[in-house]
Amino acid sequence: MTTQTIERTAPRLPWGRWSIRGAALTYLAVFLVLPLIVVVVDGLGAGIASITSVVSSPIARHAIWLTIWTGLVMSLINAVMGLLTAFVLVRYEFLGKTLLNAVVDLPFAIPTLVTGVMLVILYGPQAAIGGWINQQLGWQVIFAPSGIILALLFTSFPFVVRSVQPVLINLDRSSEEAAATLGAPAWQIFWRVTLPALLPALVSGTLLSFARAIGEFGAIVVVAGNIPLRSQTAAVYVYGEIESGSQRDASAMSLVMLAIALGTMSFVDWLSRRREVQA
């Protein structure tokens with residue numbers, strides 16, 4: 001009798017929960033945190049002064065600036081066109097809508113190297129469209145910053161659409177209907193009622209696009225031409241340093257890119273938590 005009572009009241013250890021947490025945290029530590037720590041330690045191995053020395057060289061400084069401004073231009077274009085695409089996919093019914101909705105995610109599935117090849121075939125100097133633009137407008141699309149922006153637009157397109165789309169689907173349309181009843185035109189309803197509700201998701205998607213652009217390599221290495229002080233981005237600069245055996249310089253530049261991306265993602269996370277609190 002006493003033995004049965006002890007067996008009933010003995011505490012049961014939550015092995016299942018511990019195992020799940022342990023497996024998830026171990027996976028994150030090995031495949032995410034550990035590589036980041038290695039880059040940080042290697043980049044800081046020679047001190048802050050060595051990082052300053054690397055990134056202050058004209059070629060590295062130009063590569064960082066080119067990465068940032070092309071990413072910003074792409075993010076602004078993506079914000080407008082991604083919002084427009086999400087609005088069309090949610091609010092309108094048309095033939096081929098399901099196919100278009102699937103195509104939006106295509107950049108996630110296609111290797112970015114293939115994206116670069118596609119753009120060269122389409123806009124390269126020997127291609128029909130690229131050659132016509134070059135002859136008529138004197139504008140070289142590929143092997144120039146414009147080619148970098150095109151590649152980033154393709155690889156980062158889904159972020160804004162997939163951030164805005166669920167918010168737009170779940171948006172309460174009673175305010176829009178009330179504004180329409182009062183005689184407000186469609187553009188005014190969108191600007192003053194719909195857009196403010198979508199703004200947090202739009203900003204999050206735009207920042208995710210920018211963070212993705214900071215580390216893009218596969219498409220860029222094909223379309224940029226990789227000319228120092230002209231079309232060499234930070235990611236391609238790192239690749240060049242690795243190829244030439246300058247691992248310390250590559251780690252220092254990687255640290256700068258990591259800081260930009262981590263800062264952007266932290267801001268996105270802060271925006272998401274703030275949106276959840278306000279909801």
Side-chain angles (χ1 to χ4, degrees), residues 20-21 23-41 43-44 48 51-52 55 64-87 89-90 104-105 107-108 149 152-153 155-172 175 190-217 233-235 238 251-279:
I20 294 173
R21 293 174 188 177
L25 292 177
T26 303
Y27 184 84
L28 288 175
V30 172
F31 291 102
L32 191 61
V33 178
L34 188 59
L36 293 177
I37 291 175
V38 169
V39 170
V40 172
V41 170
L44 293 174
I48 299 293
I51 297 177
T52 307
V55 300
I64 295 172
W65 172 238
L66 179 65
T67 303
I68 292 175
W69 82 256
T70 52
L72 288 174
V73 171
M74 176 279 301
S75 299
L76 290 176
I77 298 173
N78 238 353
V80 176
M81 299 311 298
L83 175 64
L84 181 64
T85 304
F87 195 84
L89 287 175
V90 173
V104 169
D105 289 329
F108 286 148
I149 295 174
L152 295 178
L153 281 172
T155 56
S156 305
F157 180 70
F159 289 101
V160 173
V161 179
R162 294 312 186 208
S163 297
V164 172
Q165 200 172 9
V167 180
L168 194 55
I169 291 173
N170 296 319
L171 189 66
D172 184 6
S175 300
F190 176 80
W191 185 255
R192 294 194 174 183
V193 179
T194 309
L195 186 58
L198 301 177
L199 202 54
L202 178 62
V203 173
S204 296
T206 304
L207 290 175
L208 285 174
S209 294
F210 178 73
R212 175 70 178 81
I214 294 299
E216 175 54 40
F217 173 76
T233 63
V238 170
S251 297
M253 178 63 87
S254 300
L255 208 55
V256 174
M257 296 167 60
L258 182 63
I260 297 173
L262 194 60
T264 306
M265 295 305 297
S266 299
F267 187 62
V268 171
D269 183 62
W270 178 78
L271 278 179
S272 300
R273 284 188 280 108
R274 186 182 177 190
R275 187 173 55 187
E276 291 174 359
V277 170
Q278 290 176 345

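Not measured: the values here are computed from a predicted model.
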Derivation and outcome, side-chain contact (heavy atoms from CB on, under 4.5 Å), residues T67 and M257:
CA-CA 9 Å; T67 303; M257 296 167 60; over 6 Å; no

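- With rounding to the nearest 0.5 Å, the separation of OG1 in T264 from CD1 in I214 is 6.5 Å.
- Legend: salt bridge (Lys or Arg N to Asp or Glu O under 4.0 Å) pairs involving residues 162-172, not counting sequence neighbours, sorted by first then second residue: D105-R162.
- When all heavy atoms of A197 and L171 are compared, the closest pair comes out as CB-CD1, 3.5 Å.
- Atom CG of L83 sits about 4.5 Å away from atom CZ of F190, to the nearest 0.5 Å.
- From L84, atom CG reaches atom CG of L89 across 9.5 Å, with rounding to the nearest 0.5 Å.
- Looking at L168 and T194, their side chains come closer than 4.5 Å, going by heavy atoms from C-beta outward.
- Among all heavy-atom pairs drawn from M74 and I149, the shortest one is CG-O, 4.3 Å.
- One finds the CZ atom of F87 at 8.5 Å from the CG atom of L198 (value rounded to the nearest 0.5 Å).
- Aromatic rings from F159 and F108 are positioned such that their centres are separated by under 6.0 Å.
- Across all their heavy atoms, S209 and S156 have their closest contact at OG-O, 3.4 Å.
- Remark: F157 CZ to I77 CD1 distance equals 12.0 Å, nearest 0.5 Å.
- Between S163 and G205, the closest heavy-atom pair is OG-CA, 3.4 Å.
- Here the CG atom belonging to L152 is positioned 9.5 Å from the CG atom belonging to N78, to the nearest 0.5 angstrom.
- Heavy-atom minimum distance, A79 versus T206: CB-OG1, 3.4 Å.
- Pairs engaging residues 206-215 under the salt bridge (Lys or Arg N to Asp or Glu O under 4.0 Å) rule: R212-E216 [sequence neighbours left out].
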Donor-acceptor contacts, no H, no angles, side chain residues 28-37, under 3.5 Å, sequence neighbours left out:
none

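- You'll find the side chain of L199 reaches within 4.5 Å of the side chain of L202, heavy atoms only.
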Test log, rule side-chain contact (heavy atoms from CB on, under 4.5 Å), inputs V90 and V164:
CA-CA 10 Å; V90 173; V164 172; over 6 Å; no

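- Scanning all heavy atoms of the two residues, the minimum distance from M265 to A211 falls at SD-CB, 3.8 Å.
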